[in-house]
Structures are given as structure tokens and as C-alpha cells.
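Quick caveat: nothing in here was measured; it's all calculated off a predicted structure.
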Amino acid sequence: MAPTDRSRPSLPPLTRRIVAWLAPRHWRESILGDLAEEQHRWRADGTPGRSARLAVSALVACARLQWEHRSGRARVGPRQHAGRLTATVAEARGALRSLRTRPGTSLLALLTLTLGIGVTTSVFSLAHWLMFRPIPGVASPESLVTVRLQSKDGSTFPTSGHDVTDLSSASALVGLAGFEKTVLHVARPDGLGAMRVNGEYVNVNYFDILEQRLTTGRRFTAADAAAGPATNIVIVSDDFARATFGQAEAAQGHALLIDEGPFQIIGVAAMGFHGPSRTDDTDIWMPVTLKQSARVDDSRTALFLTLLGRLKSGATVEEAASQLEAIRRTQGRGSAHSHYSVETGLAAPTWQRKGLLETFDLVWGVSALLLLLTCANVGNLLLARASERTGEFATRQALGASRGRLMVGVLFEALWLAAAGGALAVLAARLVTDLLERTVIIRNMPPLGHVEIAWPVLGIAVAASSLVAVATGLVPALVGSRVDLLCSLKTIGRGHSPGRRRLRTALVVAQVAVTLTLSIGGFLLLRSMLARARVPLGFHPEAVLAFSLDPGIGVNGGTADHEIAYFTRLLDDVRHAPGVAAAGLAWVEPFKPIGGGGALRAADRPNAAEVTTDTNMISPGFFDALGIPVLAGRDFTPHELFRSDQGGGGVVILNAALARALFGGTAAVGQRVLMSYPEGRVREVVGVVGDTRTRTLGGPPALTYYEPFGQSYLMGWGTVHVRVTQPASAVVPTIRAIVHSLDPMLPAYDIETLTDSLGRYLAEDAMLMRVTVAFALVALVLAAVGLYGVLARQIEERRQEFGVRLALGARPRAVGRLVTAEAARALAVGTALGLVASAWLVRLIASRLFGVTKADPVALLGAVGLVMTVTFVAALPVARRASRLDPADVLRR
Amino acid sequence: VSSFSDKGLLGELEQLVLLAALRLAENAYAVSIRDEIDARAGIALSRSSVYVTLDRLDRKGYVRSWLGEPTAERGGKAKRCFEVTAAGRRALSEAEQAVASLRPSPSRSPR
């Protein structure tokens with residue numbers, strides 16, 4: 001096998017090139033030789049076509065050799081290459097150490113995360129709790145429908161008892177149950193008076209439709225309905241049973257004294273169940289057939305039952321709706337109610353849902369802004385940290401650390417922050433939720449009970465915190481690890497990274513924009529709140545105590561005579577109590593959700609137009625108690641109180657606005673008015689009183705007429721208004737004692753001063769204002785910190801430039817101005833963006849504004865001025881430091 | 001392999017390559033070592049494995065290498081020749097002892 005010249009082998013050019021490029025230098029020649037030798041051997045053996053395999057194996061061999069040399073394996077020997085896990089743990093520890101070495105930045109980032117995520121989480125929890133929390137004791141709520149009558153203008157009404165029977169024939173439904181809310185007075189088991197309990201009259205199949213498994217006892221049956229008022233039975237809530245009898249099971253079979261009649265408890269509802277809606281607080285259910293009130297009206301026009309239907313499996317809401325519509329046509333209803341509205345699930349009344357959605361849209365919007373700010377700020381802080389560590393990164397890279405490892409390190413910092421921030425955020429969320437819970441946030445909604453931070457929400461909080469921190473951590477990791485070795489090593493401590501600076505400036509611009517947006521919102525809401533406080537109410541709410549009683553309501557609702565006698569004695573006793581200057585009864589208390597509406601016209605003027613008004617039924621002394629002035633004529637007399645004007649002789653008092661509307665300039669006292677409700681009654685105007693705002697603060701005072709309590713009808717309840725000469729807290733026990741002495745079974749409720757009542761009316765707006773202002777303040781601080789950080793970093797980076805400028809004769813002032821100019825640029829761009837963004841926020845809060853326009857110049861200028869001031873306050877110390885640089889010192893370095 | 005290396009002991013591949021190099025004496029280089037392992041042990045190593053192992057042994061000081069004479073059949077390129085060092089021999093025997101000491105002894109094996 002002597003080699004000949006002809007067979008002198010030459011490797012394929014591709015293989016040669018691979019080896020020449022890739023092989024470590026000291027291996028290059030021998031590998032080429034080895035390959036050539038093997039190829040020579042194949043040729044001699046006559047093995048054909050293996051050049052491709054040769055190229056591949058050359059490639060693999062060279063690549064593996066290179067890998068050996070490049071990677072940590074290059075340093076061979078005992079314990080030379082630590083495991084990947086060890087390296088990761090080292091990075092994790094290093095990240096922790098690095099966070100500790102800059103406690104200021106770390107704490108700021110932590111604070112930002114805690115605030116941003118905590119607030120967002122608590123708002124989310126609350127929204128979740130209010131809107132999506134499952135209702136205990138309601139099986140498969142998705143197949144339940146709420147049925148109401150709807151009129152052409154979209155408002156909804158309950159149905160009559162007959163409708164339930166008619167509609168139950170719809171084949172798409174398993175059945176329909178009706179319920180009506182009521183108030184019951186239940187004797188305390190300890191014999192000390194009575195408590196006022198929310199109840200529901202229900203059809204006997206109510207718990208069947210809900211498919212509720214009772215804690216103990218039985219549901220109502222058809223036999224119960226057939227027995228009529230004869231069997232007095234109730235089902236009580238689990239909470240009520242526990243509170244009253246200590247144990248749910250103990251309630252079973254007990255008797256309750258409700259409105260002076262004995263009722264037997266046949267069952268205890270599922271734990272946590274208080275009615276089919278999330279805001280319900282019912283504790284006692286009784287068959288609607290037990291409703292014995294003298295006022296019960298069993299006609300088709302008596303609309304009091306809200307219907308709850310269960311869809312058959314496979315049936316759709318549309319089918320049910322069309323079947324109900326077909327039934328409605330056969331019912332021969334008037335045109336007032338155009339159709340039945342059928343809504344999936346246990347729909348809260350529209351007004352309640354609308355309020356909820358509106359409020360949460362706004363709170364969400366503001367929270368989203370805060371979260372945005374959180375991201376920007378944390379990102380900025382982490383970016384600044386990465387920027388400060390350019391030198392460290394360069395050194396580590398020069399010593400052989402891979403870019404991947406540097407990125408892992410930066411990411412670990414983000415993760416540590418996210419984990420700690422997430423944990424703290426959960427605590428913060430707890431606090432904020434507790435705080436929100438104690439505030440009534442939705443106008444006229446009952447207190448919330450215990451809002452829970454749901455597990456899914458917790459998960460979302462943690463996910464959000466990780467995402468925010470990783471996202472913000474990733475940017476610096478990507479930008480920060482792209483370190484040019486030579487350049488960075490040369491400029492350790494100086495740093496030239498225009499790209500990163502631009503990114504950080506962009507983040508500051510975003511912060512300024514968000515801050516301005518929130519500030520504008522805060523200013524607008526603050527000014528609205530101030531405007532509300534300045535509105536003249538027309539009465540003096542301070543030192544007025546109000547409390548309500550309902551002697552005519554309940555299963556055994558008292559007769560009209562009883563109610564009159566009760567109120568007469570009550571007023572008399574209260575008026576003579578110590579600390580009471582004046583007292584009067586009224587149907588409607590200022591700023592309570594219930595209220596009367598009426599309509600009337602001038603009786604003796606032909607073609608007089610009907611005027612729609614507010615109305616209230618009052619006793620003599622009401623005007624004195626509230627401090628409403630009698631402008632003309634007189635107050636009602638005791639003689640007029642509780643006297644029905646069915647036989648004529650009715651009297652009214654008008655407020656000034658209504659008197660003007662009806663009679664123009666002529667004196668109203670002595671004129672006669674024709675009532676639209678009760679229809680056709682003619683009454684004499686005996687007085688004119690001052691205008692008041694008792695329903696809304698906006699707009700002109702409502703047109704209002706007053707009539708003596710009980711002249712048209714009795715409602716079964718009333719509210720006593722008392723002007724006190726002592727602190728309200730001192731008078732309350734006296735009043736409770738009086739009420740108890742009159743009838744221990746009839747407790748007073750909603751005892752509060754009108755100032756508190758007004759405060760509650762404004763609570764929702766006040767909360768929104770406070771939240772927005774608090775967010776704006778947090779935003780201001782964050783933005784100031786962010787800007788300060790960026791600018792301070794910049795003078796470090798531009799030290800040399802400034803030094804040269806100063807050395808060449810630039811005035812210190814001019815150098816300082818360079819810094820302020822930078823801040824001004826960020827401020828200008830941020831302001832422009834913020835103004836655009838605020839248009840969106842203002843649209844969200846438009847319905848909450850009061851007494852200010854959307855483009856209120858004071859709010860806009862104030863917000864811009866505030867943001868500008870804060871920006872310059874942040875920039876000032878940096879600018880001064882820049883102008884005080886010692887050029888000699890800088891250049892020497 | 002890694003646990004062996006961490007203790008300074010030899011990996012399987014390293015043992016094979018070292019033993020082959022011992023057998024081949026002055027004629028040990030990448031191609032011949034690979035052929036030897038294939039012929040004797042019936043193990044067909046990939047080219048890259050042989051190079052990487054030799055490279056590693058070289059850096060651990062278990063083999064010594066030098067460039068030999070270029071020949072025509074190698075396209076005028078020199079061989080990289082290997083010789084097992086004293087440290088290499090010691091490492092081999094340590095590895096063999098480690099294996100032997102763990103082997104169940106016949107006298108102690110259950111009857």
C-alpha cells in the first residue's frame with residue numbers, strides 16, 4: 001500500500017474550511033491530517049462517497065473541542081466545573097446581596113410594588129366579592145332567571161300574585177317562585193324588647209326553585225300554602241339561628257314572637273344564605289299566604305312579587321322569554337307594561353348594578369393607572385441599578401461569566417422583589433379591603449359584611465407581582481447585559497449608554513403623564529366635593545337627630561288607629577324629653593333612598609298645567625326641627641295631623657319654588673290646588689316655606705309640597721326628626737327609653753344625625769375623591785423619585801462633559817441649566833401626554849363631577865402647576881450638584 | 001462521569017482512551033486510538049469523542065502530546081502523538097482500585 005503521488009489525498013474544501021475555522025489552533029493540523037489519513041484509507045479500500053459524513057464529523061469534533069475550551073470546562077481539575085444548580089443558587093444569593101447593598105432603591109421598589117399591587121388587589125377583591133361571589137345555598141345559579149315586568153321606558157316592576165300562577169305554565173321553566181321583602185319585629189328571646197329583622201314573603205316552592213339543602217328542618221310545602229294563614233311557620237337563616245339559639249339545630253321547632261304573633265321555626269336555611277341576591281340580608285322567610293296585613297291587595301295591579309324561575313335543562317332564556325310573552329298577551333294587561341324582562345342569573349336591580357359598574361369602572365381605571373405607574377417606577381429603579389452596575393458586569397464578563405448568567409442575576413433581583421412585594425401587597429390588600437369594607441362605598445347599599453380576599457385573587461396578585469417585576473427586570477437584563485467589554489472596562493464608573501438613558505427618560509415621561517392624569521382627576525373630584533359642601537341645603541342638618549319606626553308594618557301590621565295613637569304619644573313624649581328643642585314626624589328623611597313624588601295643579605286657573613313635584617308628609621314641628629323657615633302663612637296645626645281629607649278640607653304647604661311655579665307672583669296662601677294623587681282632591685294652601693335640597697345636591701331646589709302626616713294615607717312607618725340642644729349621643733339613650741316604654745316590641749332604627757345621613761349620602765363620592773387624591777399623591781411621590789433618579793444618574797454619566805464645559809469657561813449656572821432643560825423636556829412631553837390621557841379619565845368621572853366643568857381651568861392649571869413644581873423640586877438638587885462640580889477634580893479622574 | 005471527574009477520578013471514556021494509548025505506545029494518535037478501541041473492545045467511538053477526551057486528558061496532565069512527522073498519506077500534515085504520563089498511569093490504577101474495592105468479594109457473598 002505504497003502511497004503514490006497521484007493518490008496524494010486532498011480533503012473536500014468544505015471539511016477543510018470547517019476545521020480551519022473551528023478547530024482550536026493546536027488541534028488544527030493534526031485533525032486535518034487525521035481526516036486525510038482516514039479518507040486515504042477509504043479510497044484504498046474502495047469505500048465510496050463518505051465526504052459528507054466526514055464534513056459532519058469534523059464539524060461535531062471541532063464544535064465539541066471549542067465548547068470544552070469556551071465553557072467552564074476549560075479549567076479542568078478537581079471541582080473545576082460547578083453544577084448549573086450551584087451557579088443558579090449563587091446568582092440567587094448574589095441578587096439578594098446586591099439588593100441589600102442598595103437598600104434605598106430596594107425599599108423604594110418594594111414600596112412601589114406593595115402600594116401598586118396591594119391597591120389593585122383589594123379593589124379587585126372587592127369587585128370580585130360584589131359581583132362574582134357565589135351565593136351560598138343557591139344551586140346552579142346559571143339556570144336561574146329573574147323575571148320582572150318592564151315598561152316601555154325601561155323601568156322594571158315586580159309582579160302580582162296572579163302572575164306567578166299564570167306564568168308557571170311556561171314549559172321552558174321548571175317553576176317560578178316569587179318573593180317580597182318586608183320588615184319584621186321579632187321579640188328578643190331574653191324578653192328585652194324586640195329586634196327589627198329583614199324578612200321575605202315567599203312562595204312555598206321558593207327553596208325548591210333554589211334547590212337549597214337546608215341546614216336542618218324542612219322546606220315549605222304545597223300543604224303549607226293550602227293551610228293559609230292558619231299555620232304560622234317560618235324558616236330562619238343559619239346566622240339568625242346561631243345568634244338567637246346558639247346553634248342552628250337548636251332553632252328547629254322553636255317558636256318566635258313576630259309582630260306579636262307566635263311562629264314556629266320549621267327549618268334553618270343553608271349556611272350563609274340571606275336571599276337570592278348578593279346584597280340581600282334576609283333572616284326570616286315566611287309563606288306569602290301568611291301575609292295578613294290589612295293593606296294587602298290581591299288584585300292584578302298590586303305588584304309586589306319579584307319572580308325567580310328555574311330553566312329546564314336545555315331550555316334557553318329566549319325560549320322562556322317568548323313563552324312568558326305569549327302568556328302576557330292572554331293576560332289582558334294594560335299597555336303600561338310592555339313585556340316581561342327575563343334575565344339570566346339572580347340579577348340585582350338595574351339601578352344597583354349600574355351604580356356598581358360605574359363606580360368600579362372608575363376605581364379600576366384609576367388602579368390601572370397606578371399599576372402602570374408601578375411598572376414604570378420599578379422598571380426605572382431596576383434599570384438604574386443595572387446601569388450603576390455596568391462596571392461590575394463588564395468585570396464579571398471579562399472573568400468569564402456568560403451573558404446568560406448576568407441575566408439570571410438581574411432576573412433574580414426582580415423575582416426577589418416580586419416575591420417580597422407580592423407578600424407585602426397581600427398584607428396591604430387586607431388592610432385596604434378592611435378599610436373599604438368599613439366605608440359604605442355604593443350609595444345606599446347596606447354595609448358589606450366580610451369581604452374576603454379570594455384565593456383566585458391572591459393568585460392573580462402574586463402572578464401580577466411576578467409579571468410586573470419580571471417584565472421590568474427583563475428590560476434591564478436584556479439591555480443591561482449587552483455590555484461591550486472593552487468599552488465598559490475603560491469607562492467603569494462613567495458609563496455611556498444613550499439607549500438606556502433614552503428608555504429611562506421615556507419611563508419618566510410616562511410617569512409624569514400618569515401623575516398629571518391622576519392629579520387632574522383628583523383636583524376635579526376635590527373641587528366637586530368642595531362645591532357640594534357649599535351648596536345651601538335650605539335646612540340645618542347639624543344637631544338634628546332622626547330615627548325611624550314602623551308601627552304599621554309586619555305580618556300583623558297594626559291598624560291605622562293604632563299607628564296614629566302610637567305616633568301621637570311618641571311625638572308628645574319626645575317633645576317633652578330633656579335636650580329636645582323641637583320634634584316632628586315625616587315620611588321621608590332627607591337623603592334617604594325612598595321618597596315621594598307627586599303632581600298637582602292650580603285648581604282655580606283654567607288650563608293650568610300639571611306640575612310634577614317631590615312631596616313629604618309631615619307633622620307640625622318638622623319645619624322647626626329642621627330649621628326650614630315659614631315664609632308666608634303658617635305651619636300645620638295638631639288638629640290637621642292624622643286627619644284624612646277624603647271628605648274634603650285638605651291642606652298643603654308649598655315651598656317657594658313650587659308656589660312660584662303654580663301661581664307666579666300672586667300670593668299662594670289661600671289658593672286651592674288640585675291633587676293628581678290621591679286623584680281629584682282639592683286642598684287649600686295654608687303656608688309657603690323655604691326651598692330645600694333633600695334628594696340631590698345638584699340643580700335648583702326641587703319643587704315640593706308638604707301635607708299633614710296621614711292626610712292622604714298612612715304608610716305604616718315614619719321618621720321622627722328631633723332638634724337637640726345637647727350632644728346627640730346624650731339624647732339617644734333617652735329616645736331609646738321612650739320608644740321602649742311605648743312598645744317594647746317596636747324598636748327604633750336608623751338612629752343618626754342628619755349630618756351623618758348626609759355624609760353617608762356623599763360617602764361614595766367622598767371615597768372616590770379620597771382614593772383618587774391618594775393615588776395622585778402616591779403618583780407624585782413616585783414620579784419625583786423617578787425623575788430624581790434619572791437626573792442624578794445622568795450627571796454621573798455626563799460628569800466629564802460637564803467638567804470639560806466648566807473648564808472651557810461655561811458658567812456653573814449654564815451647566816445647571818443643562819440638567820433643568822432635561823427635566824423640562826421630560827415634563828413637557830409628559831404633560832402633553834397626560835393632558836390627552838386625562839380626557840379619558842375625565843370621561844369616566846364625568847358623572848361624578850359637581851359644580852365644575854370637565855375642563856375646569858383651576859383643576860387643569862392646578863394639576864399642571866403641582867406636577868411642574870414637584871418635577872422642579874426633584875430636579876433642583878441635581879442641577880445644583882451639576883453646577884458645583886470641580887472641573888479640575890473631574891478632569892483628573 | 002461528572003462525579004468521577006469531580007473527585008479527580010477517570011471517566012469511562014478516559015479509561016478506554018488511556019488504556020488504548022498505553023497499548024499503542026509510541027504509535028498512539030487519534031486515528032489509531034479509535035481503531036484500537038474498536039478492534040479490541042468492539043466500541044465504535046465517534047471521532048469527536050476521541051478528540052475531546054484526548055484534549056481533556058492532555059489538560060489534566062494525564063497524557064503528553066507532540067507533533068510527529070508529516071506524511072504523504074496524511075496530506076502532508078503532522079500527527080499529534082500521545083504518551084501516557086506517570087500521573088495518567090496513577091489515575092488509571094486508582095480508578096481500577098476504586099472499581100475493584102467496590103466489587104462484591106466472593107468470601108463475603110451470601111451462601
Exercise for the section: For B/Ser49 and A/Arg64, test the side chains for any donor-to-acceptor distance below 3.5 angstrom and give the result as yes or no. Expected result: yes
Handout entry: Top contributor to chain A interface from B/Val50, B/Val52, B/Leu54 [non-hydrogen pairs under 4.5 Å]
Key = B/Val52
Exercise for the section: Return yes if some donor-acceptor pair links the side-chain N/O of B/Arg74 with the main-chain N/O of A/His40 below 3.5 Å, else return no. Expected result: no
Problem - Part of residues 21-32 of chain B lying next to chain A, heavy-atom separation under 4.5 Å - result: B/Tyr29, B/Ala30, B/Val31
Handout entry: Contact summary for A/Ala61 and B/Ser48, nearest pair of heavy atoms
Key = CA-CB, 3.2 Å
Handout entry: Nearest atoms (heavy-atom pairs only) where A/Ala36 meets B/Gly75
Key = CB-N, 4.2 Å
Exercise for the section: Measure across A/Gly33 and B/Lys77 and return the closest heavy-atom pair with its distance rounded to 0.1 Å. Expected result: CA-CB, 3.4 Å
Practice task
Measure distances from A/Ile31 to the heavy atoms of chain B and classify the residue's part below 4.5 Å as side chain, backbone, both or neither.
Solution key: both
Problem - B/Arg47 vs A/Leu35 side-chain heavy atoms within contact, under 4.5 Å - result: yes
Completion exercise
When the 4.5 angstrom heavy-atom criterion is applied to A/Glu38 and chain B, the contacting part is side chain
Practice task
Check step by step if side chain to side chain contact (heavy atoms under 4.5 Å, CB included) holds for B/Asp35 and A/Arg41.
Solution key: CA-CA 12 Å; B/Asp35 287 349; A/Arg41 210 191 295 167; 3.0 Å; yes
